[in-house]
Structure formats: structure tokens, C-alpha cells
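Everything on this sheet refers to the single structure shown next.
A, B, ... follow the sequence lines: proteins, then strands. Residue 1 opens every chain.
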Amino acid sequence: MIDLSPPTIVSVLLGSALGGMARFAVSEWVARSLRETFPWGTLLVNVTGALTLGMLLGWVFRAPAAQFAGAYAFGVLGFLGSYTTVSSFALQSLFLVQERRGGAAFGYAVLSIAGCLTAVAAGFRLGGLFG
Amino acid sequence: MLAIGVGSALGGLARVLTGVVCVEVLAWPLPVATAWVNFSGAFLIGLVHVLTLPEARYAAGVRLRQGLLAGFFGGYTTFSILSAETLALLEAGALVAGGVHMIGSSALALLGVALGHGLGLRLNASRK
């Protein structure tokens, strides 16, 4: 599956660091711009992350992953894996429920799931046009 | 921002290592490993969020909390890889498996965060 050599581990660490910081930057920017009361920032991060991953899988990483071990570890496992998040999604959903906004929580789940799935599929198709 | 970077780096590595253990040692299919990572991450973020509140058992400063909650668990869990695995299942014709993976993983994560949060509240209360 994946060979845990030091370069691979460093690639994952670096990609993850950047992905997390990018997630923070984007979601904070959205939150401030909208003075958000709904987690649009995290939703945007997750959907754009899924879209980008779809594109990479359809374009760059079509061939067996081993060929791109370092780039895959950095870009996919590291950056995009950490850029998107289920934990924040879950915690934010819990807060919405606690605020008696169950409808918003349900909507958030639907938008996240449908959005990410649509995005990864669309990205894959788009990426395939270049690959 | 630095706390987020460090936390996320470690979270991402933890995710990859957990995946390797699940797949190589426990012989789980990769999607199950991802579902486990997302469930455990959601459980832990709920727990740690409550335990590190200013008035709580392990009250932590803003930067540490950000590093842990947004950083580590944000990096540990992943929606993009979950989505890509679901797409692969759907494209291979495994429609039910794909649906179960996407919706089931998400539901499990929501259950996980509620469980972790509840446990955290109980642990906070027990110190009084």
C-alpha cells in the first residue's frame, strides 16, 4: 500500500502542515467575511478539497500510485487529506444541534456529503480531460 | 497558525500510520480504515474540546486548543479521501457500499462526536 520511508513521512508531515494551515486560512477568511453563523467556511474547504482531489486522481495520479510516491504522500495523503476535515464538521454539527438548530445541522450534513461527492466526481471527470 | 501547522502535520501523519496499521496489520479494507480514522477523530475532538474548555479539567490556552482541535484532529480526519474512496466504490458498481461508506462514515462521525462530548462532560463533572 504505502512504503513508510523517511522521505514519505516527511512528505506527509509537510503536506499535512500546509493543508491544515490552508484550511484554517480559508475557513477563517470565510467566517470573517460572512460573520458566519453557519459553518460555510468548513463546507467550502471540504468541497474544494474533494474537487481538487478528484482532479488530481483523474489527471496526475491515474497510473499506479507507487510511481508518484513522494508527490502522492505530499499532495494527497498530506495536503488534501489534512486540508479537509470530518472532525470540525462533526463538532460544528453538534454545536448546531445544541443551539436547537437541528434543521441547520441536517442541512449541513446533506450539503457536506452531497457537495463533496459531487465535487470529487466532477473533479475526476475534469481531471480526466487533461490526463 | 504555527500551532495549526504543527498539529495538522502530526494529525496527518497519525492518520497515515493508523491507516497502515489497519490495512497491513488488521487486514481491514482501506475504506474501513478511513471510516475508523474519521470516527475516532470525531470522538476525540468532542472529548478534547470539552476537557480543555477554560473552566474544565484540563483547561488549555487558545493556541494549544487550536493546535489540537483545528490542527491535529483537522489533519487526522479527512473528507476528501472519504469522498474519493466513495467515488471509487460507485465507479466500480458497488453502489450500496459507496452509499454506506459516505453516509455511514458521516453518521458514525456525528455519533462519535456526541459520545466524546458526553464522556468529556462526565469526566469534567466527576472532578468536582
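The aromatic rings of Tyr76(B) and Phe72(B) lie parallel to each other, with less than 30° between the two planes, well short of the 60° mark. Using cut-offs of 30° and 60° on the angle between ring planes, the pair Trp40(A) and Phe38(A) is tilted.
The backbone N or O of Leu80(A) lies less than 3.5 Å from a partner atom in the side chain of Ser80(B), making a donor-acceptor pair. Glu85(B) places no side-chain N or O within 3.5 Å of a backbone atom of Thr34(B) that could act as its donor or acceptor partner.
Residue with the most contacts toward chain A among Ile103(B), Leu110(B), Val37(B), Leu2(B): Leu110(B) (heavy-atom pairs, distance under 4.5 Å). Here Ser87(A) is the residue among Ala119(A), Ser87(A), Ala121(A), Gly20(A) with the most heavy-atom pairs under 4.5 Å with chain B. Options Gly81(A), Ala22(A), Gly49(A) differ in how many heavy-atom pairs under 4.5 Å they form with chain B, and the most are formed by Gly81(A). Across Gly11(B), Ala109(B), Gly12(B), the residue that shares the most heavy-atom pairs under 4.5 angstrom with chain A is Gly12(B).
Listed by chain and number, the residues in a side chain to side chain donor-acceptor pair (under 3.5 Å) with Glu28(A) amount to none (sequence neighbours excluded).
For the pairing with Val86(A), the side chain to side chain contact (heavy atoms under 4.5 Å, CB included) check across Val113(B), Thr78(B), Thr77(B) returns one residue only, Thr77(B).
With a 4.5 Å cut-off on non-hydrogen atoms, Ser112(A) touches chain B through its backbone and its side chain both. For Phe79(A), no part lies under 4.5 angstrom from a heavy atom of chain B. Contacts of Leu44(B) with chain A are absent, with no heavy-atom separation under 4.5 Å from either backbone or side chain.
Put simply, Leu95(B) and Leu82(B) are part of the same group of oily side chains (I, L, V, M, F, W, Y) that touch within less than 4.5 Å, one to the next.
Within residues 88-103 of chain A, the residues that have a heavy atom under 4.5 Å from a heavy atom of chain B are Ser88(A), Phe89(A), Ala90(A), Leu91(A), Ser93(A), Leu94(A), Phe95(A), Gln98(A), listed by number. For residues 86-93 of chain B, a heavy-atom distance under 4.5 Å to chain A picks out Thr86(B), Leu87(B), Leu90(B), Glu91(B), given by residue number.
Within 6.0 Å of CH2 on Trp28(B) lie more than 12 heavy atoms contributed by other residues, nucleotides or ligands.
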Which is it for Leu17(B) and Val12(A) under the side chain to side chain contact (heavy atoms under 4.5 Å, CB included) test, yes or no, and what are the steps along the way?
-> CA-CA 10 Å; Leu17(B) 293 176; Val12(A) 170; over 6 Å; no
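Every pair tested for ring pair (Phe, Tyr, Trp, His ring centres under 6.0 Å) that includes a residue from residues 80-124 of chain B fails, sequence neighbours excluded, so the list is empty.
Contact detail for Met102(B) and Ser83(B): the closest heavy-atom pair is CE-OG, 3.4 Å.
Counting only heavy atoms from C-beta outward, the side chains of Met1(B) and Gln66(B) never approach each other to under 4.5 Å.
When only modelled atom types and interatomic distance are considered, Ser16(A) and Ser8(B) share no side-chain donor-acceptor pair under 3.5 Å.
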